[in-house]
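In listed order, ligands and their atoms are each counted from 1.
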Amino acid sequence: MSEIQNIQWFPGHMTKTKRKIQSSLKLVDAVAEIIDARIPVSSRNPDLAEIVGSKPRVVLLNKCDMADPNATARWIEYFKANKIVAIPVDCKSGKGLNKFIPAVKEVLAERIAAWKNKGMVNRSIRVMVVGVPNVGKSSFINRIAKQNRAKVEDRPGVTRGNQWFTVAKGFELLDTPGVLWPKFDDKVVGEHLAFMGSVKDEIVDTEQLASRLLEFLSVKSTPQFVERLKLAEVDYKNMQGYELLEVVARKRGMLISGGEADTERAASMVLDEFRGAKLGRITLELSENM
Ligand code: G4P
């Protein structure tokens, strides 16, 4: 699990982060905003538009290997309708990453044409990555860098510690992502991030969280959910979350002395299996509800 996700955000910290990102923004032509395809609303920073300003942006719907493919396709359409270029990617396998450079060139088309007109033929395109913790920023950078890990040496004027590497001829990426805060004061956002494991499990009640998740999952009712949690003969649609958690514990043989259901163990199991997409490819937030 990423270290970065354990950062606690305070107002001072947010201001500092914002300034740091804005100073890096001066060095780039475009921004790659990474979000989680399963929760495209909750995994976005609420202030991004203001932070990024007029800098062209490409949205990467990452972890699409774990999201519902139909829902992802609809999200792409949603972004398109809102004049935002978005592409589905899977940074674990690298799927979809070949669309990244063309997408950046698309949002920069006018600028690239202007450079050409001015005779700036060797002008490199520079991009930085931003996103809230756990969306896959490091995975993206590592993946895309692997293809060409030739680092560009430090340039004068570039903030110390920042490194650039060449992704393709004339295309450079800043190797440090901008880590943004989520809209954590929103209860639904907090819960969805917790489902995904983006909030430390130590600070949430896992039984309560798993009970809530089971209620969501029983609505989606994927074949994997029914099969893996052994619910084929259970009237799970009419059960409360905690009741369902007890049933799952029993069905999976998780009992404590006296034959009581081990709901704590079952809760960890449900969360683990969901986070590993073993209960199906599930998108919790749909573009239709926007
Ligand atoms: P961050 O920099 O934005 O904080 O995210 P990071 O790259 O650390 O990714 C967070 C977790 O998400 C990692 O799992 C990573 O492997 C996983 N991940 C990133 N992109 C994808 C993707 O497209 N598909 C899938 N299935 N997983 C992805 P982890 O459990 O924290 O670590 P590990 O399992 O890689 O060791």
What I want to know is whether [X] and ligand 1 share at least one N or O pair that is separated by under 3.5 angstrom.
{"X": "V135", "value": "yes"}
{"X": "G136", "value": "yes"}
{"X": "C91", "value": "yes"}

**Q.** Ring geometry between Y78 and W75 (parallel below 30°, tilted from 30 to 60°, perpendicular above 60°)
**A.**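 Correct class here is perpendicular.
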Q) So with a 6.0 Å cut-off around NZ of K55, is the heavy-atom count from everything else above 12? A)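 Yes, because the 6.0 Å sphere around NZ of K55 holds more than 12 heavy atoms from other groups.
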Q. Counting N and O atoms only, with roles assigned by atom type, does the side chain of R252 sit under 3.5 Å from a partner on the main chain of R228, one being a donor and the other an acceptor?
A.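 Checked: pair present.
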**Q.** Note: R74-E77 ion pair, threshold 4.0 Å (strictly below)
**A.**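 Salt bridge: no.
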Q. Does F100 have its ring centroid less than 6.0 Å away from the ring centroid of F140?
A.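 Ring centroids of F100 and F140 are less than 6.0 Å from each other.
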Q | Heavy-atom nearest option to atom 19 (C) of ligand 1, drawn from P177, S139, P88, G197 | A |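 It is S139 whose heavy atom sits nearest to atom 19 (C) of ligand 1.
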(Q) If we set the cut-off at 4.0 Å for heavy atoms, which region of N134 has an atom near ligand 1: side chain, backbone, both, or neither? (A)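 Looking at N134 and ligand 1, atoms from backbone and side chain both fall under 4.0 Å.
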Q: Find out if a path of hydrophobic residues (ILVMFWY) with successive side-chain heavy-atom gaps under 4.5 Å connects I34 to V89.
A: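 Hydrophobic grouping puts I34 with V89.
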Q | K137: numbered ligand 1 atoms lying under 4.0 Å from its heavy atoms | A |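 In order of number, 1 (P), 2 (O), 3 (O), 4 (O), 5 (O), 7 (O).
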Q: Considering the heavy atoms of M66, write down every atom of ligand 1 situated less than 4.0 Å from one of them.
A: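 Going through ligand 1 atom by atom, the ones under 4.0 Å from M66 are 25 (C), 26 (N).
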